[in-house]
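Lettering follows sequence order; numbering is per chain, from 1. This is a predicted model, so every value here is computed, not measured.
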Amino acid sequence: MYALVDANNFYVSCERIFQPKLEGRPVIVLSNNDGCAIARSNEAKALGIPMGAPWFKLKSIAEKHGIVALSSNYALYGDMSNRVTSVLRLFSPRVEVYSIDESFLQLDGLIGLWPTYGDLGHAIRERVKMWTGIPVGVGIAPTKTLAKLANHLAKKRPEFHGVCDLNALTREERRSYYISLDVSDIWGVGRRTAEKLHRLGITNVDAFRLTSPKYLREQFGVVVERTACEVRGISCIELEEVAPAKQQIVSSRSFGYMVTSLHELVEAVSTYAGRAAEKLRKGGQVCTGVHVFVETNPFREQDAQYSNGMNVSLAESTDDSRRIVAAALYGLKRIYRDGYLYKKAGVMLLNLGSADVRQASLLFQHDDRSEKVMSVLDSINGKFGRNTMFLGSSGIEQSWAAVFEHKTPKYTSRWDELPVASA
DNA sequence: TCTGGGGTCCTAGGACCC
DNA sequence: TCTGGGGTCCTAGGACCC
């Protein structure tokens, strides 16, 4: 048995813990650059604010209804996420952290401690709320896909009070819920698959469940076949307690304004490549390739459009920021074209491998000081804060950096931004 | 004026091997 | 006049997830 524990409107809930006056009000959290709404409180959803709606289109209705818009505060959300996870680990030794706001728990063997799975679900919900302040929903079922579906019901149907154990329902109750759910509510059925299923006359979850997995495989491939088995109660997707090693690391960002000069792109790409290299070392990995890309703003149809990318191979596998930045800048200088308004750039690290089994190069003299220099860099930044020490090519003013106009404090992760309690 | 960021997996097609 | 069968590896693009 699996439980899927998913926070309600997670980013908004994090903000509300430190600004209780936002309870009951419509609140949205914006993406980087205050671009789009990426989290919405129930009140904001009720006002019809769609997921991903651009903020500039929402401003007027936001003013009219008193919607509070906040810039994203990932330092806060990451820290709150870790707190929620640590509470979940007290309930089950087998936890898969699936995303910043949801985790799967394997429940087998735990049920002796609680009268029913539902009671266990309610205990999880109450303790997470009490200890972290974050409201969560719990879905319980014999497969991960069904646990996701149960979680969906737990949140949407008030009769469940935030906890839905699919097995506790009668066959008829389950069937009537399945009929009420669209195929697109199934985990793994996205827009394209849902459209085609509808064309085939398979519109709700019950109809999907009754369709033969073999037929679905012919129509869609193995992924949808696997989903079909999961919906039938046959577990095909295992719990991943230990996150598998990354295959790719990306660091990219939209600019605060249109960038035209190579000089600014060099600063940005250098910053992103440095950030990607940090992630690489944190995961104990090395890479042998760097992809760099730039693009103009596709929404501005009146502007000349250009987007391009380039793969640069490294002479030997490395996690050294200096080499990775140099490779990224080498590529950037080849794809840069004068005269365009650039909106975004990014760096991907490719062909990742473990730093423990580094392949030496026949032709390249390895610099033995590299590991030491990088470990000094990381420990200084770890101790004194990110970007205390950085490569000069990243620039200092970084005028192109993204803009956050509605920023909230890093309440839980910086001494000088701690919330103050007053009498 | 203003539209996010970071991932995985699968498949088809091309290049290559014997 | 006529041109096989069985594979692997790589890449780009699409679909999905949060």
Novice: Taking OP1 and OP2 of B/dT1, is either one under 4.0 Å from a side-chain nitrogen or oxygen of A/Arg300?
Specialist: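 Indeed not, no polar side-chain atom of A/Arg300 lies that close.
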
Novice: Atom CD1 of A/Ile38 to atom C1' of B/dG5: distance rounded to whole Å?
Specialist: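 Atom-to-atom, A/Ile38 to B/dG5, this comes out as 9 Å.
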
Novice: Just by distance, no angles: are the side chains of A/Asp320 and A/Ser370 close enough, under 3.5 Å, to form a donor-acceptor pair?
Specialist: yes

Novice: Could you state the CD-P distance from A/Glu295 to B/dG4, rounded to the nearest angstrom?
Specialist: 10 Å

Novice: Does A/Leu146 reach the side chain of A/Leu149, with side-chain heavy atoms less than 4.5 Å apart?
Specialist: yes

Novice: Atom CZ of A/Phe104 to atom C1' of C/dC18: distance rounded to whole Å?
Specialist: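 About 11 Å, once rounded to whole Å.
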
Novice: How is A/Tyr98 classified with respect to the nucleic acid when contacts are heavy atoms under 4.0 Å: base, sugar-phosphate, or nothing?
Specialist: sugar-phosphate

Novice: If you measure only the distance, is there a donor-acceptor pair under 3.5 Å linking the side chains of A/Asp34 and A/Ser71?
Specialist: yes

Novice: Mind checking A/Arg275 for me? I need base, sugar-phosphate or nothing, with any heavy atom below 4.0 Å counting as a touch.
Specialist: nothing

Novice: Would you mind classifying the nucleic acid contact of A/Met348 as base, sugar-phosphate or nothing, using non-hydrogen atoms under 4.0 angstrom?
Specialist: nothing

Novice: Between A/Glu405 (CD) and B/dT3 (P), how many Å, whole number?
Specialist: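 Taking CD of A/Glu405 and P of B/dT3, I get 12 Å after rounding.
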
Novice: Between B/dG4, B/dG6, B/dC9, spot the one nearest the side chain of A/Arg253, thanks.
Specialist: B/dG6

Novice: Counting runs of three or more consecutive pairs, Watson-Crick or G-U wobble, with each distance below 3.5 Å, where are the stems of DNA chain C?
Specialist: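 So the stems come out as B:5-18 with C:5-18.
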
Novice: Does any donor atom in the side chain of A/Glu397 or A/Ser399 lie under 3.5 Å from an acceptor atom in the other side chain?
Specialist: no

Novice: Taking for each residue the nucleotide of DNA chain B bearing the nearest heavy atom, is the 5' side occupied by A/Ser252 or by A/Pro244?
Specialist: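 Nearest-nucleotide comparison on DNA chain B picks A/Ser252.
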
Novice: Using the P atom in both, what is the distance from B/dT3 to C/dC18, to the nearest Å?
Specialist: 25 Å

Novice: Does A/Val250 or A/Phe299 map to a spot on DNA chain B nearer the 5' end, using the closest nucleotide for each?
Specialist: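 On the 5' side of the pair lies A/Phe299.
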
Novice: Taking only N and O in the side chain of A/Ser254, is any of them less than 4.0 Å away from OP1 or OP2 of B/dG5?
Specialist: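 So the side-chain polar atoms of A/Ser254 do come within 4.0 Å of the phosphate oxygens OP1 or OP2 of B/dG5, strictly under.
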
Novice: Mind calculating the distance between OH (A/Tyr74) and C1' (B/dG4) to the nearest angstrom?
Specialist: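 Answer to the nearest Å: 7 Å.
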
Novice: Go through the structure and list residues passing ring pair (Phe, Tyr, Trp, His ring centres under 6.0 Å) with A/Tyr77, not counting sequence neighbours.
Specialist: A/Tyr11, A/Tyr74

Novice: Return the residues of residues 188-213 of chain A meeting this criterion: a heavy atom under 4.0 Å from some atom of DNA chain C. Order them by number, or give none.
Specialist: A/Gly188, A/Val189, A/Gly190, A/Arg191, A/Arg192, A/Thr193

Novice: Output the rounded distance in Å from CG (A/Leu352) to P (B/dG7).
Specialist: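 Nearest whole value for this atom pair: 9 Å.
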
Novice: Considering just the side-chain nitrogens and oxygens of A/Lys59, establish if one lies under 4.0 Å of OP1 or OP2 belonging to B/dT1.
Specialist: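 For B/dT1, OP1/OP2 do not have a side-chain N/O of A/Lys59 under 4.0 Å.
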
Novice: Looking only at the side chains, is there a donor atom on one of A/Asp79 and A/Thr412 sitting less than 3.5 Å from an acceptor on the other?
Specialist: yes

Novice: Please tell me if A/Lys57 has a side-chain N or O lying less than 4.0 Å from either OP1 or OP2 of B/dT1.
Specialist: no

Novice: Verify the distance criterion only: is there a donor paired with an acceptor across the side chains of A/Thr408 and A/Gln19 at less than 3.5 Å?
Specialist: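 Checked: A/Thr408/A/Gln19 side chains show no N/O donor-acceptor pair below 3.5 Å.
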
Novice: A/His291 and side-chain contact (heavy atoms from CB on, under 4.5 Å): which partner among A/Val312, A/Asn311, A/Val250?
Specialist: A/Asn311

Novice: Taking NZ, NE, NH1 and NH2 as the nitrogens, is one of them in A/Lys59 or A/Glu63 under 4.0 Å from a carboxylate oxygen of the other?
Specialist: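 A/Glu63 and A/Lys59: not salt-bridged.
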
Novice: Check every strand shown and say whether A/Trp187 touches a base, only sugar-phosphate, or nothing at a heavy-atom separation below 4.0 Å.
Specialist: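 Since only primed, P, OP1 and OP2 atoms lie under 4.0 Å of A/Trp187, the category is sugar-phosphate.
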
Novice: Between A/Thr145 and A/Arg226, is there a side-chain donor-acceptor contact under 3.5 Å, judged purely by atom types and distance?
Specialist: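 Side-chain D/A pair, A/Arg226 to A/Thr145: absent.
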
Novice: Indicate whether OP1 or OP2 belonging to B/dG5 is found under 4.0 Å from a side-chain N or O atom of A/Lys343.
Specialist: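 No, no such contact exists.
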
Novice: What contact category does A/Leu58 fall into here, base, sugar-phosphate, or nothing, at under 4.0 angstrom with non-hydrogen atoms?
Specialist: nothing

Novice: For A/Asn33 and B/dC2, what is the distance between atoms CG and C1' respectively, to the nearest whole Å?
Specialist: 9 Å

Novice: Determine whether the side chains of A/Glu96 and A/Tyr2 contain a donor N or O and an acceptor N or O closer than 3.5 Å.
Specialist: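 There is no such pair (donor and acceptor under 3.5 Å, judged by atom type) between the side chains of A/Glu96 and A/Tyr2.
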
Novice: Base, sugar-phosphate or nothing for A/Asn32? Non-hydrogen atoms, less than 4.0 Å.
Specialist: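 Sugar-phosphate, backbone atoms only, no base.
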
Novice: Under 4.0 Å, heavy atoms only, any strand: does A/Asn297 hit a base, just the sugar-phosphate, or nothing?
Specialist: sugar-phosphate

Novice: Would you kindly give the CD-to-C1' distance between A/Gln302 and B/dC2, to the nearest whole Å?
Specialist: 12 Å

Novice: What contact category does A/Ile100 fall into here, base, sugar-phosphate, or nothing, at under 4.0 angstrom with non-hydrogen atoms?
Specialist: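 A/Ile100: no heavy atom of the nucleic acid under 4.0 Å.
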
